[in-house]
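Worksheet: the structure to be examined is printed underneath.
These values consider heavy atoms only, across backbone and side chains, with no hydrogens, waters or symmetry-generated copies. Residue numbering restarts at 1 for every chain, and letters A, B, ... go by the order of the sequence lines.
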There are 2 protein chains.
Amino acid sequence: MATAEQLERAEELLAGAGLRATAQRATVLAELAAERDDVTAQQLHERLRARGERLGLATVYRTLRLLAEAGAVDVLSHHAGELCYRWCGDEHHHHLLCSECHRVVELVDCELDPWLERVSREHGFVTTGHRLEVSGVCADCR
Amino acid sequence: MATAEQLERAEELLAGAGLRATAQRATVLAELAAERDDVTAQQLHERLRARGERLGLATVYRTLRLLAEAGAVDVLSHHAGELCYRWCGDEHHHHLLCSECHRVVELVDCELDPWLERVSREHGFVTTGHRLEVSGVCADCR
DNA sequence: TTTAGTGCAAAAGTTTTGCATGGTC
DNA sequence: GACCATGCAAAACTTTTGCACTAAA
C-alpha cells in the first residue's frame, strides 16, 4: 500500500533523474503502488490491458527497470526465471513471504548488522548490503 | 571445495532417489565440486565442452535440477534472469558474496532464528525457512 | 531386456532492442 | 523544435520438452 507521499516521491525521483512524467509511467506507478504483494512485469501488463489501458509490454519492462534503478521499487527473484517487482519504502527492510498466497509483509526492524559486520570482517570482507527473504505460511493460509 | 565424502554423498543421494549413476552426471558433479564459486548452467556446460567433454546443455540443466531437488546443490539467483548453482554442505548456512569477483563464502553460524520466530509470530506467520545473501567486497578486490 | 538418461533441435518463456511514430519539455 | 518515450515486432536469452537413440540396471 503506497501513500500519496510515496507516489509523489517516485515522481520526484523520475524527474530528478531527467526522466519525463508520462501517462504510461504514472499508470504503472499507480498500479504498482496499489498492489500489496509482488507482481511480475507480465502480470502488471496483463492487468492494465484488461482494464483498458493501452500500453505496451516493453514499456512496462522499461518503466519497472527505471524505477528499480532509481530505487523506487524492489526486485525480488524468488520464482526462478522471472522477476517480481514490489513497491517499497525507503528504509532498509526485509520480506516475509507466504508461500501459499504470495502475501508479503515487510520487516523493518532489522537486527542483523552487528552480526554481519563481525562475521564479514572475519572473512576479510567489507559488507555493502544484505538481503533476507523469510518464507512461511500466513495466518489465512493455515 | 568439495571433499571426497561430499561427492560420495551426492552419488548416494542420486542412487537413493532411484537415479542412475551416469558418466555425464559424474562429470557435472565433479566440475561443480571443484568450483569454489557459483556458476550458471551455461558456464558449466561451456567449460566442460571446452575441455573436450561431450555432453548436451540440456543434460547439464537436467542434472543441476536433480541435484538441487535432492538438496545437493544450492540455487542462487542474485543475477537477475539467470540461476547460479553451487555445491553446498548439508547444514543450514548463508552466503557472503563478493560483488567484484563472485567469490562465495559460507556463513554457517546463523543467529537469526530467535529473532525471526518472534517477528513472524507477530505477523501471524509460521516460518518455514529463510535465506540471507550478504554482498560485499572481499579482501583481494579491495 | 526393461527402463531411465542423453543429445539434438524445437519450443516455451521472459526480457531486451531497433526503429518509426507520437508526446514532453 | 529537440529529444525522450512508446508501440510493435523481431531478437536475444535462459530454460524446458519431445523424441529417437544409447546405456545403465
Is it the case that B:H130 and B:H94 place a side-chain donor and acceptor less than 3.5 Å from each other? yes
Judged by nearest nucleotide, the residue sitting upstream toward the 5' end of DNA chain D, B:L19 or B:Q42, is B:Q42
Rounded to whole Å, the CZ-P distance (B:R65 to D:dT14) equals 18 Å
When the distance from NE2 of A:H45 to C1' of C:dT15 is rounded to whole Å, what number comes out? 13 Å
Starting at atom CD of A:E46, determine the distance to atom C1' of C:dT14, rounded to an integer number of angstrom. 14 Å
Between C1' of C:dA9 and CG of B:L55, the distance in whole Å: 16 Å
Would you say D:dA5 has OP1 or OP2 under 4.0 Å from some side-chain N or O of A:R25? yes
Check the distance between C:dC8's C1' and B:R49's CZ and give it to me in whole angstrom. 10 Å
Of the nucleotides C:dT14, D:dT15, C:dC8, which has the atom closest to the A:E82 side chain? C:dT14
Between A:T22 and C:dT24, does any side-chain N or O lie under 4.0 Å from OP1 or OP2? no
Checking C:dT16, C:dA4, C:dT15 against the side chain of B:R20 (C-beta onward), the nearest is C:dA4
Which sits closer to the 5' end of DNA chain D, B:Y85 or B:A21, going by the nucleotide each is nearest to? B:Y85
Less than 4.0 angstrom between a side-chain N/O of A:Q24 and OP1 or OP2 of D:dG7, yes or no? yes
pair B:L96-B:V104: side-chain heavy atoms closer than 4.5 Å: no
Taking atom types as modelled, is there a side-chain donor on A:Q42 or A:Y61 under 3.5 Å from an acceptor on the other? yes
Taking only Lys NZ, Arg NE, NH1 and NH2, and the carboxylate oxygens of Asp or Glu, determine whether A:E31 and A:R51 approach each other closer than 4.0 Å. yes
Phosphate OP1/OP2 of D:dT16: any B:Y61 side-chain N/O under 4.0 Å: no
How is A:R62 classified with respect to the nucleic acid when contacts are heavy atoms under 4.0 Å: base, sugar-phosphate, or nothing? base
Whole angstroms only, please: what is the CG-P distance between A:L83 and D:dC13? 17 Å
Less than 4.0 Å between a side-chain N and a carboxylate O, is that true for B:E122 and B:R118? yes
Would you kindly give the CD-to-C1' distance between A:E53 and D:dT6, to the nearest whole Å? 14 Å
Atom-to-atom span, CG of B:L57 to C1' of C:dA11 - whole angstrom: 14 Å
